[in-house]
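Since the structure comes first, as C-alpha cells, the remarks are kept for the end.
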Amino acid sequence: MQNSCLGGLKLVEKGFNSDISVSGLTYHVQTEDWGSVNPFLVSQVFYNGAVLKSIKTAYSDVLPKGPDSDGKSIRLAMRLQHQKILDLIASGQFL
C-alpha cells in the first residue's frame, strides 16, 4: 500500500502479520504503523491471543526524516522491524 494523503494528513500504512512456530509453539507477530500523527512503528508478539511483548519504535529512531518520511521508507522500516523480531524468535533470543 502506498502512503496516502488526505487533506495534508498522511494515512497510516498497513502492517505485517506472521505466524512462526518454535519448539512446537506458534506465535503471531503483528507490526503496524501508527501514522504521522502518532509516529511509531509498533510490533506485538502474541501467544494464544495474549500479548507477550510489545515493541514501539519512534519514526525518529529509524527514519532520517521522521514523520515526514515517505510511505516507501516507512514500509521498509516496518518490514525490517517485523523481520528482526521473527529472526530473534526463530533463534530463541526474543522470548
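Computed over heavy atoms, backbone and side chain alike; hydrogens, waters and symmetry mates excluded.
- Between Val29 and His82 there is a side-chain heavy-atom pair separated by less than 4.5 Å.
- Residues Ile55 and Leu41 have side chains not in contact (no heavy-atom distance under 4.5 Å, counting atoms from C-beta outward).
- Val51 places none of its side-chain heavy atoms less than 4.5 Å from the side chain of Val45.
- With contacts defined as side-chain heavy-atom distances shorter than 4.5 Å, the pair Arg79/Phe16 qualifies.
- Grouping the Ile, Leu, Val, Met, Phe, Trp and Tyr side chains by contacts below 4.5 angstrom, directly or via other members, places Val62 apart from Leu80.
- Of all heavy-atom pairs spanning Gly15 and Met78, the tightest one is CA-SD, 4.2 Å.
- Within the model, atoms CD1 of Ile89 and OG of Ser23 stand 12.0 Å from one another, a figure rounded to the nearest 0.5 Å.
- Using modelled atom types and a 3.5 Å distance limit, the side chains of Tyr59 and Asp33 yield a donor-acceptor pair.
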Discussion item. Between Trp34 and Val42, is the side chain to side chain contact (heavy atoms under 4.5 Å, CB included) condition met? List the steps.
Written reply: CA-CA 7 Å; Trp34 283 4; Val42 178; 3.3 Å; yes
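- Annotation for Tyr47 and Leu25: closest pair OH-CD2, 3.2 Å, computed over non-hydrogen atoms.
- In this structure, Leu86 CG and Gln81 CD are separated by 11.0 Å, a value rounded to the nearest 0.5 Å.
- Using modelled atom types, no side-chain atom of Lys53 and backbone atom of Ser43 make a donor-acceptor pair closer than 3.5 Å.
- In this structure the side chain of His28 reaches within 4.5 angstrom of the side chain of Asn17, judged on heavy atoms.
- Counting only distance, with no hydrogens or angles, the side chain of Ser73 and the backbone of Ser69 share no donor-acceptor pair below 3.5 Å.
- Counting heavy atoms from C-beta on, the side chains of Phe46 and Leu52 never come closer than 4.5 Å.
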Item to complete: Step by step, work out the side chain to side chain contact (heavy atoms under 4.5 Å, CB included) result for Thr26 and Ile20.
Response: CA-CA 5 Å; Thr26 300; Ile20 182 169; over 6 Å; no
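- Residues Ile74 and Leu63 form a side-chain contact, since some pair of their non-hydrogen atoms from C-beta on lies under 4.5 Å apart.
- No donor-acceptor pair under 3.5 Å is formed between the side chain of Arg75 and the backbone N or O of Asp70.
- Nearest heavy atoms, Ala90 versus Val22: CA-CG2, 4.1 Å.
- Phe40 places none of its side-chain heavy atoms less than 4.5 Å from the side chain of Thr57.
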